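These numbers come from the heavy atoms of this one structure, side chains and all, not from hydrogens, waters or symmetry mates. Computed from a prediction, not measured in an experiment: that's the story for all the values here.
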Amino acid sequence: MKIFLFLTLILLAACNNGDNSEGHEPSVYKMSINQTVTDEENVNLEPTNQSNVIFTKHSWVQTCGIQQLLTTQNKESISLSVIAPRLEKDEKYCFDFNGTNNKGDTYVTKIILNVVSPSLEVYVDHASLPTLQQLMDIIKSEEENPTTQRYIAWGRIHPTTEQMKELNITSFVLESNHTTPELVQAIVKQAQTKHRLNVKLSSNTAHSYYNLTPILKALNTFNNVTVTNIDLYDDGSAEYVNLYNWRNVENKIYNLQLGKDSLEDVISGVTDDFSGSAMSSIYNWQKLYPTKYHFLRKDYLTLETSLHELRDYLGDSLKQMQWDGFKKFNIKQQELFLSIVGFDKQKLQNEYNSSNLPNFVFTGTTIWAGDHEREYYAQQQINVINNAINESSPYYLGKDYDLFFKGHPSGGIINTLIMQNFPTMIDIPSKISFEVLMMTDMLPDAVAGMASSLYFTIPSDKIQFIVFTSSDTITDRETALKSPLVQVMIKLGIVKEENVLFWADLPNCDTGICIAA
């Protein structure tokens, strides 16, 4: 647990460094220690932060706590050495030290030991956006609770062995993007070996049923385990597409309540089959555990009047996702975060500053529906970029920019081919989540590219246009405009209708002169 160590050294009178001789005026030193420890943890505290103090007399007194922790040996020693007791609930223990050294100086130390339950934090996510939030949570938690065990199962961010050791992390793989039996077994082992255990869970909202249910079913059999809180972060646009499609469903609250009962039955082992809807499987955790839903855009539940019922159903568990955590970190924490996500902030800043031109970042994507090779899709994105920078295109940005490219993490050869086509374009490593730029105040002057949930976090005045690609349901711009994702984006003011493009409608700029499609 986090050791809150507040040391206050108050010199009430001048201190002479010489021997106890005529003219020496005794000083009084006061120190306060407030420390949080876990059950059965060994604690060793020094009553002064000054070295080479020789006490001629001293005493320890316990002033609070339901058990007497001071033994004869403790009372006679200078350092306080105790073993935190095994408790049924958190308790506070208080100790006073009074000592006098060979020069007549007095030392008064007050110690408060907060004995709390051991804790385990579990973070599961296959995407980028929730993992970034979870990483910020871990770095913040490490400062407050350095001895807490942390398990991660991440698909996009992979800390080094040294980084995991620093943050007390054990890493587990994902299986089909979800929680594995190995992770569940490790959690169960913690529950089996602890007298009591607090567990914090964090996951991706859209996939929370498959990520959390195996863990909660296993923990449900332990009376010594308390699930203290669940933090759920939006996967990205997936939740909003689902909300849009669900907005006109009748009897929403009734169906949610049925889903809550079914979810409870699955966790308690009454049944293995969840009988509710996908929505009731992910928006009912707050009915069973202390839960926070961190929405990418919380205001959507207000702007879409047909979703007010869900907003009210979620109540205080509904939260707006925050992106200012990085700015609140100290320098060491910021450096650790940047190192884990692999972002060289100074390098990008130097590239931004390499000319007086404003900066434009094009965001790429992977393949989409169709039978063409990946090279074909790379060429289509190359054409989108050419439309943005060519004056003969109706989608020209309007002025010259320094050109940057942020490819999709899974883009592979597509990213390579795009970069090869623009020798002066600067590559922002694809493994870096675009949201990191926003978190670190490194957003460019303008952004455009292929439709993605990253546009939910970018200020709308920076977005030039968004390009939609073919899918099973999107075959032209008209169907793109009717798609749930576009409708949500327009509702939220992320993009205007005229800035929604369809890739096949863009002029062909291969020859340097853009020709209408």
Side-chain angles (χ1 to χ4, degrees), residues 127-133 136 156 233-241 244 294-300 303 320-327 337-338 341 343 345 348-349 351-352 357-366 381 384-385 387-389 395 397-399 401-409 411 425-469 480 483-501 503:
S128 298
L129 191 154
T131 302
L132 288 174
Q133 293 284 340
M136 287 194 292
R156 291 276 176 83
Y233 295 99
D234 282 346
D235 176 271
S237 59
E239 286 85 358
Y240 297 87
V241 170
Y244 180 86
H294 302 270
F295 270 60
L296 193 55
R297 289 293 299 266
K298 170 187 171 184
D299 56 333
Y300 183 60
L303 293 171
Q320 173 59 48
M321 194 180 298
Q322 301 297 310
W323 292 101
D324 59 354
F326 177 83
K327 298 175 186 177
F337 178 89
L338 295 176
V341 301
F343 179 44
K345 180 181 177 181
L348 182 59
Q349 185 65 65
E351 290 166 340
Y352 278 171
L357 291 175
N359 306 303
F360 167 67
V361 173
F362 175 79
T363 63
T365 188
T366 54
Q381 293 182 68
V384 175
I385 299 174
N387 270 272
I389 64 177
Y395 307 107
L397 294 174
K399 58 183 178 181
Y401 285 84
D402 284 330
L403 186 58
F404 292 76
F405 175 61
K406 170 61 181 70
H408 191 281
M425 183 164 65
I426 300 172
D427 185 32
I428 299 174
S430 60
K431 67 178 181 179
I432 298 170
S433 300
F434 197 91
E435 289 82 4
V436 172
L437 304 187
M438 182 190 65
M439 296 165 63
T440 57
D441 283 336
M442 293 297 291
L443 283 176
D445 300 294
V447 185
M450 317 312 286
S452 168
S453 58
L454 67 88
Y455 286 95
F456 278 67
T457 59
I458 301 173
S460 59
D461 60 351
K462 290 183 178 291
I463 301 173
Q464 301 296 310
F465 58 78
I466 296 175
V467 182
F468 278 78
T469 57
S483 70
L485 181 56
V486 173
Q487 289 297 307
V488 171
M489 284 183 160
I490 291 175
K491 191 81 171 182
L492 289 171
I494 294 170
V495 66
K496 296 179 180 178
E497 183 174 318
E498 57 265 29
N499 294 330
V500 176
L501 312 181
W503 70 277

For the atom pair [atom1] ([X]) and [atom2] ([Y]), what is the distance rounded to the nearest 0.5 Å?
X: Met489; Y: Ile466; atom1: CE; atom2: CD1; value: 4.0 Å
X: Ile426; Y: Phe405; atom1: CD1; atom2: CZ; value: 13.5 Å
X: Phe337; Y: Met136; atom1: CZ; atom2: CE; value: 6.0 Å
X: Gln381; Y: Thr363; atom1: CD; atom2: OG1; value: 8.5 Å
X: Thr366; Y: His408; atom1: OG1; atom2: NE2; value: 5.0 Å

Looking at every non-hydrogen atom in both residues, tell me the closest pair between [X] and [Y] and how far apart they are.
X: Phe434; Y: Pro444; value: CZ-CD, 4.3 Å
X: Ser433; Y: Ser128; value: OG-CB, 3.1 Å
X: Val436; Y: Leu132; value: CG2-CD2, 3.7 Å
X: Thr457; Y: Glu435; value: OG1-CG, 3.8 Å
X: Pro484; Y: Val241; value: CB-CG1, 4.0 Å
X: Pro409; Y: Ser430; value: CG-O, 3.4 Å

For a 4.5 angstrom cut-off between non-hydrogen side-chain atoms, does [X] reach [Y]?
X: Met450; Y: Phe362; answer: yes
X: Arg297; Y: Ile494; answer: yes
X: Leu492; Y: Asp299; answer: yes
X: Tyr233; Y: Thr131; answer: no
X: Leu129; Y: Met321; answer: yes
X: Tyr401; Y: Leu357; answer: no
X: Leu338; Y: Thr440; answer: yes
X: Pro358; Y: Lys399; answer: yes

For the pair [X] (side chain) and [Y] (backbone), establish whether a donor and an acceptor sit closer than 3.5 Å, ignoring hydrogens and angles.
X: Gln133; Y: Trp323; answer: no
X: Gln320; Y: Lys298; answer: yes
X: Lys406; Y: Ile432; answer: yes

Inset, instruction - With sequence neighbours left out, write down each residue that passes side chain to side chain donor-acceptor pair (under 3.5 Å) with His294, or none if nothing qualifies. - result: Asp231

Inset, instruction - Apply side chain to side chain donor-acceptor pair (under 3.5 Å) to Asp461 and list each qualifying residue two or more places apart in sequence or on a separate chain. - result: none

Legend entry - Residues Phe465, Asn387; criterion side-chain contact (heavy atoms from CB on, under 4.5 Å); working and verdict: CA-CA 11 Å; Phe465 58 78; Asn387 270 272; 5.8 Å; no

Legend entry - Derivation and outcome, side-chain contact (heavy atoms from CB on, under 4.5 Å), residues Leu403 and Ile385: CA-CA 9 Å; Leu403 186 58; Ile385 299 174; 3.9 Å; yes

Legend entry - Derivation and outcome, side-chain contact (heavy atoms from CB on, under 4.5 Å), residues Leu437 and Ile428: CA-CA 10 Å; Leu437 304 187; Ile428 299 174; 4.2 Å; yes

Inset, instruction - Could you tell me if the ring centre of Tyr244 sits under 6.0 Å from that of Tyr300? - result: no

Inset, instruction - Could you list all the ring pair (Phe, Tyr, Trp, His ring centres under 6.0 Å) pairs where at least one residue sits in residues 436-462, not counting sequence neighbours? - result: Tyr240-Phe456

Legend entry - Summary of salt bridge (Lys or Arg N to Asp or Glu O under 4.0 Å) pairs that have at least one residue in residues 440-456, sequence neighbours excluded: Lys327-Asp441

Legend entry - With Arg156 via salt bridge (charged side-chain N to carboxylate O under 4.0 Å, His left out) - residues at least two apart: none

Legend entry - Test ring-ring contact (aromatic ring centres under 6.0 Å, His included) applied to Phe295 - qualifying residues, sequence neighbours left out: none

Legend entry - Whether over 12 other heavy atoms sit under 6.0 Å from Lys431 NZ: no

